[in-house]
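For reference, the structure discussed in these notes is given below.
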Amino acid sequence: MWNYIRLAPLAALAATGCTAMNDNPRLFNVSEVTHRKVYESPVKPGHNQWPSSWVAANGDIYIAFQSVDGDRSQAPGYQYAEEEFRAGYDIRQNIMVSRDSGATWELEFQRETLPYHFFIPLRHPGKDGELIALCSSRLAASLGGTEEEAMVLAASADNGRTLRKKSEITYHEKLYPADIKSFGAGLIVSGYTQAGESVLFYSPDMGASWQPPVVIATPHDNMSFHEPALEVLDNQEVISVMRTHREDIPKHNGINYHQVVLQFADGNFQVKGELQDTGIGFRGRPQLLKTSDGILILTAPGGLLAFSGNRGDTYEIDLLTLRGIAPVLYLGGKPFRHNADPQLIQLHDGSIFCSYFIGSDYPFPAPVDEYIGVSRFRVAQ
């Protein structure tokens, strides 16, 4: 097992004077932490989910997310995602923009859409300044000619207002999009099957063509591997962290995240070494970022940050930085600040930008007022 350092609860730290369990000193310093609401629905409770963010060529920051509206007097349900009920709901993709480095936000654009869940942009634009995004076939259906089982690579010259299909990415069964990153002059994307097989695809020409798929992890020993996050370690290696399930444990089936390194050779990737248990407990969809200083950051729902200075060999767990997120009131008036679908970007000034929504994959109407939020901080080793 790859080792890690888990921070003690805040109360325990205060009582002992320690900075981490077993008196291990903190290896990473987080500073200049701020939290901000970007969007909340005018009618409560809001149903705002699945944000994704990117930085345009001119430095403007964008966040796209899905909102659902309808009759809040009805019993909570997921009918908005079913075609026969969809007419009773207002489902939109919303795009927010900040032109002052995240200080203020405005609604840039809305479009009616199918429930999509997956719109995963390249965090920074390509050489021509276009937005490149990995989409589910459902969101890309309006582009025409899209196979239902495919992932779609889309491009936009106007930061999401209009999309055009660059290519389709197919496998022997349906793929769900997970992540997209630049690699050299090309792209790497990841997806996963319903059975929990995680797969990587490499394009040397920004999506014009694709190399054969590379299996990151396949189900075995009652484990399955979902939502593979990607990050480039150097010009030869990529790391992937996956949400892991135990198939023999119904309902409460999430176990520690697993990770593996992939190496680039002979024009494509291959898995390097064995799949490793990170020791970091299950929380939902993971995301990765390697900073300009070489710090690898893992984030996941529930306020998790984990920092590594050695390419993921060890992690220092941080459950304190995102604790200051503004809560909403859950049923019965209990404060609720669970963040979901966090995504990381390093901005031009070196700070880390984390977008998310407060809530979970709730039905409509949600039991809390789900809003879109962002946190910003700096980290140094």
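The first residue of the sequence shown is numbered 1, and numbering continues consecutively from there. Remember, it's a predicted structure, so these values are computed and weren't measured experimentally.
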Separation between CG (L175) and OG (S136), nearest 0.5 Å, reads 12.0 Å
Q. With a 4.5 Å limit on heavy-atom distance, are the side chains of V261 and V238 in contact?
A. no
Residues passing the ring pair (Phe, Tyr, Trp, His ring centres under 6.0 Å) test with Y330, sequence neighbours excluded, are F336
Are side-chain N/O atoms of Q346 and T291 paired as donor and acceptor at under 3.5 Å? no
Practice item. Please check if the side chain of T299 supplies one atom and the backbone of L304 the other of a donor-acceptor pair under 3.5 Å. Key: yes
Residues passing the side-chain contact (heavy atoms from CB on, under 4.5 Å) test with S67, sequence neighbours excluded, are N48, F65, R92, N94
Closest heavy-atom pair, P342 versus Y356, reported as atoms and distance to 0.1 Å, is CA-CB, 4.0 Å
Sorted by chain and number, sequence neighbours left out, ring pair (Phe, Tyr, Trp, His ring centres under 6.0 Å) with Y176 holds for Y192
Heavy atoms of I280 and A306 approach each other most closely as CD1-CB, 4.2 Å
Whether the Q93 and Q110 side chains hold a donor-acceptor pair (N or O, under 3.5 Å, no angle test) is what I'd like checked.
no
Side-chain donor-acceptor pair present, T218, H220, cut-off under 3.5 Å = no
(message) Contact between E231 and K181 at the side-chain level, heavy atoms closer than 4.5 Å - yes or no?
(response) yes
Can you label the angle between the Y62 ring and the W54 ring as parallel, tilted or perpendicular, going by 30° and 60°? parallel
Across all chains, not counting sequence neighbours, the side-chain contact (heavy atoms from CB on, under 4.5 Å) partners of D69 are R72, D90, F364
| said: Assess whether a salt bridge exists between R123 and D179, defined as any Lys/Arg side-chain N lying under 4.0 Å from an Asp/Glu carboxylate O. | reply: yes
Ring-plane angle category for F269 and F183, please: parallel below 30°, perpendicular beyond 60°, tilted otherwise. perpendicular
Heavy-atom closest pair (R283 atom, Y257 atom, distance to 0.1 Å) is N-OH, 3.3 Å
Review point. Does Q194 CD have over 12 foreign heavy atoms under 6.0 Å away?
Key: no
Residues passing the ring pair (Phe, Tyr, Trp, His ring centres under 6.0 Å) test with H172, sequence neighbours excluded, are none
Quick one: are D60 and V55 in side-chain contact, heavy atoms under 4.5 Å? no
Quiz item: Under 4.5 Å between any side-chain heavy atoms of H245 and M223, yes or no?
Solution: no
Here the pair of heavy atoms bringing K290 nearest to L233 is NZ-O, 2.6 Å
- Message: With a 4.5 Å cut-off on side-chain heavy atoms, are N159 and E108 touching?
- Response: no
Practice item. Check the pair H258 / F225 against ring-ring contact (aromatic ring centres under 6.0 Å, His included), numbers first and verdict last. Key: CA-CA 8 Å; H258 282 66; F225 305 94; 5.7 Å; yes
Please check if any side-chain donor atom of R376 sits under 3.5 Å from a side-chain acceptor atom of S101, or the reverse. yes
S98 and D100 have their tightest heavy-atom pair at OG-OD1, 2.9 Å
- Beyond-backbone contact of P121 with I132, side-chain heavy atoms, under 4.5 angstrom: no
Taken to the nearest 0.5 Å, the spacing of Q287 CD from L344 CG works out to 7.0 Å
By ring pair (Phe, Tyr, Trp, His ring centres under 6.0 Å), F109 pairs with (sequence neighbours left out) none
**Q.** Basic-acidic side-chain contact under 4.0 Å: E112, R86
**A.** no
For a 4.5 angstrom cut-off between non-hydrogen side-chain atoms, does Y80 reach F85? no
Nearest heavy-atom approach of V379 to I295 is O-CD1, 3.9 Å
Original post:
Can a salt bridge be assigned to the pair D293 and R378 using a cut-off of 4.0 Å between side-chain N and carboxylate O?
Top reply: no
For S52 and I120, indicate whether the former's side chain and the latter's backbone hold a donor-acceptor pair under 3.5 Å. no
Self-check item: Side-chain donor-acceptor pair present, Y171, E197, cut-off under 3.5 Å
Solution: yes
Electrostatic pair E130-R164, nearest N-O below 4.0 angstrom
yes
Before we go on, tell me: are the rings of Y202 and F264 under 6.0 Å apart, centre to centre?
yes
